[in-house]
Amino acid sequence: MNASPPSATTAPATARRAARTAVLRAEARLYLREPGSLFWVLAFPPLLLAILGCIPMFREVSDDLDGLRPIDIYVPVTVLIGLIVVGAQAMPPVITGYRERGILRRMSTTPVRPAALLSAQMVLNGVAGLVSALLSVTLGRVVFDVALPRQFPAYLLVLLLALAASLSLGALISAWARTARNASAIGTVVFFPMLFCTGLWLPVRTMPDVMARVVEATPFGAAARALDQAAVGDWPAWSHLGVTAAWTAVLTAAAVRWFRWE
Amino acid sequence: MTLASGSAAVHGAVVEVSEMRKSYGGRDVVDGISFAVEEGEIFGILGPNGAGKTTTVECVEGLRVPDGGRVRVAGLDPVADHDEVTRVLGAQLQESELQAKLTVREALELYSALYPHPLDWRPLAERLGLTGRLTTRFGRLSGGQKQRLFIALALIGNPRVVVLDELTTGLDPRARRDTWELIEDVRAGGVTVLLVTHFMEEAQRLCDRIALIDNGRVTALDTPRGLIARLARSTVISFTPSVPLDDEELSALPALASVERREGRITLGGTDETVNAVISLLARRRITAHQLRVSDATLDDAFLDLTGTP
Ligand SMILES: Nc1ncnc2c1ncn2[C@@H]1O[C@H](COP(=O)(O)OP(=O)(O)OP(=O)(O)O)[C@@H](O)[C@H]1O
Ligand SMILES: [Mg+2]
């Protein structure tokens with residue numbers, strides 16, 4: 001193969017790309033056929049924001065929050081929740097189910113590696129997570145008059161970092177779980193601590209010192225702080241970005257280490 | 001690699017398995033299996049449940065890694081050259097599923113997009129009776145319809161070799177016959193077929209040669225006729241005599257392998273020689289044989305004989 005003429009090597013390469021696109025297209029159709037999953041990814045976070053926004057107290061300026069309203073603080077929180085849902089909840093049962101039911105195995109008898117199914121799932125969940133984030137930001141802006149992120153490039157960077165952390169967490173759950181049921185269960189168990197870290201119950205910036213320090217050492221606690229800082233116009237602290245990036249690296253390495261195709 | 005596949009074509013063997021072994025938990029489930037499948041041949045693998053058939057063909061497909069021995073498909077190593085092997089080999093697995101919400105049409109379109117030179121899936125779907133089910137989701141197909149779809153997916157890449165593990169399990173009699181015709185046509189197009197089956201009629205009709213596997217070993221490798229001919233009782237004679245015949249008279253018959261009596265009816269296993277002797281015996285004794293039947297032993301008989309209890 002090494003010595004083959006260029007036409008012979010580029011043809012399979014193009015064919016392989018076309019094949020991977022076909023896998024992505026098929027998976028995209030299937031993604032849209034899961035109303036339950038779509039609800040949790042796309043509707044649940046904005047809905048949560050809408051419900052919080054209906055509480056009058058959430059729309060009043062608070063002294064604890066440096067002149068911001070709680071609703072301003074909760075836009076980044078719901079954005080993060082959307083990202084966590086795709087990684088911890090939506091993706092693992094699908095991938096584990098594909099392995100459990102021999103779908104990955106069937107695909108590995110074709111010229112496309114089963115990795116094409118995994119990357120399609122990552123891409124689709126990644127896109128869904130970003131759409132969910134966009135919905136939360138738009139809802140905040142249009143309905144509750146929440147200012148758009150002031151430090152936009154930083155906001156986007158944190159968003160992508162948090163998304164990467166969430167997808168690598170999802171990959172690790174998929175690696176560990178033996179069945180789709182198992183994956184849903186693990187996903188739910190990690191989901192609630194993650195929600196806490198985003199500051200859903202208590203915004204991270206108002207947490208007591210020790211608690212804040214612990215939460216800021218978690219991938220989504222750090223991301224929550226960084227997103228919060230970018231929203232109000234500051235460049236987020238490198239320590240927060242570093243924490244999320246480090247978690248992503250560790251989770252990815254662990255997922256690669258433990259993932260089985262069958 | 002091009003050279004290797006060229007040399008395989010010279011020898012004529014498209015699938016070569018030699019001294020292959022595979023063990024699970026210290027138990028050899030494939031214990032030194034060897035066979036070679038010629039280009040354009042339909043090669044059958046038969047054997048009792050748990051004999052190691054699926055393990056063997058999945059090593060050929062590169063889905064399992066043998067612990068020892070050598071496997072080549074078109075001169076390629078299914079593990080080391082997995083990518084190249086997938087382009088020349090189509091597989092129908094004994095157990096697999098597709099995404100539950102994928103429709104039949106989407107599955108056919110998706111799998112044709114995975115191969116460099118796919119067949120047109122429409123005529124394939126038509127021949128497998130899937131045309132009316134194109135918009136049905138995989139999860140809602142009946143067992144036999146799923147099986148038909150997997151047969152289509154095995155063939156869709158226009159492979160040089162197709163491996164079918166339990167080809168017609170779950171198919172109704174008509175679909176089974178249609179599938180046999182399809183496989184014969186596929187072979188007529190030069191495709192080599194490796195077929196695992198539990199249906200003796202299927203093996204007898206389709207296979208040029210058969211490997212009988214038992215306990216991870218090849219116990220016989222021959223044409224279907226050859227396997228039957230190995231039986232001591234390759235012919236079965238049965239009749240109801242007008243006058244009872246005693247055992248002494250029967251046991252004097254040449255090449256007699258078995259005697260069975262049930263409600264006055266006698267069934268003898270033997271060879272053509274036995275048949276002639278029975279007829280002359282009856283003529284000599286002026287006995288009328290009611291409902292005299294002479295039949296060749298079937299592959300079924302050969303299977304039972306050759307895979308006897310260990
Ligand atoms: N992944 C595995 N792990 C452990 N044991 C296995 C595995 N796969 C197969 N075996 C064992 O190997 C033996 C052969 O299995 P195999 O599936 O090859 O049989 P088979 O001939 O295809 O049987 P069947 O006719 O029932 O399909 C069985 O005893 C089975 O329990
Ligand atoms: Mg089997």
Side-chain angles (χ1 to χ4, degrees), chain A residues 1-5 7-38 93-118 120-121 124 180 260-262, chain B residues 1-5 57-58 60-65 73 76 78-79 81-103 105-118 137-139 146 149-150 153-154 156-159 161-163 165:
Chain A
M1 273 281 144
N2 298 338
S4 334
S7 61
T9 45
T10 50
T14 342
R16 217 168 305 139
R17 205 167 318 119
R20 278 200 296 257
T21 313
V23 173
L24 181 62
R25 198 177 321 122
E27 287 301 305
R29 281 197 182 140
L30 294 171
Y31 201 89
L32 296 174
R33 284 179 197 159
E34 294 299 336
S37 171
L38 284 175
V94 175
I95 292 180
T96 315
Y98 283 1
R99 176 177 52 221
E100 190 186 354
R101 286 180 287 131
I103 295 168
L104 296 179
R105 205 155 187 271
R106 180 64 189 82
M107 187 139 287
S108 54
T109 69
T110 73
V112 169
R113 291 167 189 236
L117 274 174
L118 301 199
Q121 278 295 319
L124 291 168
R260 299 174 312 267
W261 295 104
E262 47 188 80
Chain B
M1 261 145 232
T2 353
L3 272 181
S5 63
V57 296
E58 291 196 346
V60 170
E61 293 158 348
L63 285 176
R64 303 191 197 196
V65 183
V73 175
L76 302 161
V79 178
D81 313 316
H82 188 67
D83 281 2
E84 282 101 302
V85 168
T86 58
R87 283 193 273 275
V88 295
L89 185 145
Q92 174 243 314
L93 308 182
Q94 183 177 1
E95 264 173 25
S96 67
E97 277 184 64
L98 293 176
Q99 296 91 321
K101 293 190 177 178
L102 198 66
T103 68
R105 172 197 287 272
E106 286 163 355
L108 291 164
E109 283 174 347
L110 171 63
Y111 276 76
S112 22
L114 304 185
Y115 291 93
H117 309 289
R137 293 177 176 186
F138 178 80
K146 286 179 181 166
L149 179 55
F150 281 120
L153 298 185
I156 209 161
N158 199 3
V161 185
V162 57
V163 181
D165 196 350

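Just so we're on the same page: letters track the sequence lines, and every chain starts at 1.
- B:E58 has a carboxylate O that lies under 4.0 Å from a charged side-chain N of A:R105, or vice versa, which qualifies the two as a salt bridge.
- When side chains are defined from C-beta on, B:L114 counts as touching A:V112, because their heavy atoms get closer than 4.5 Å.
- A distance of 12.5 Å separates CG in A:L30 from CZ in B:F138, rounded to the nearest 0.5 Å.
- A side chain to side chain contact (heavy atoms under 4.5 Å, CB included) with A:R101 holds for exactly one of B:Q99, B:E97, B:E95; it is B:E97.
- Remark: side-chain polar atoms of B:H82 are not paired, donor with acceptor, to backbone N or O of A:R113 under 3.5 angstrom.
- Residue A:T109 forms a side chain to side chain contact (heavy atoms under 4.5 Å, CB included) with just one option from B:V85, B:L153, B:L93, and that option is B:L93.
- Applying the salt bridge (charged side-chain N to carboxylate O under 4.0 Å, His left out) criterion to A:R20, with sequence neighbours excluded, gives no partner residue.
- Residue A:V23 touches chain B through both its backbone and its side chain, counting heavy-atom pairs closer than 4.5 Å.
- Looking only at heavy-atom pairs under 4.5 Å with chain B, the residue among A:S108, A:P111, A:A18, A:A26 that has the most is A:P111.
- How far OH of A:Y98 is from CG of B:L98: 10.0 Å, rounded to the nearest 0.5 Å.
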(request) Show your working on side chain to side chain contact (heavy atoms under 4.5 Å, CB included) between B:K101 and A:R29 and close with a plain yes or no. (result) CA-CA 9 Å; B:K101 293 190 177 178; A:R29 281 197 182 140; over 6 Å; no
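- Taking CG of B:L110 as the start and OG1 of A:T110 as the end, the distance is 8.5 Å to the nearest 0.5 Å.
- Looking at B:E106 and A:R33, a side-chain N of the basic residue comes within less than 4.0 Å of a carboxylate O on the acidic one, giving a salt bridge.
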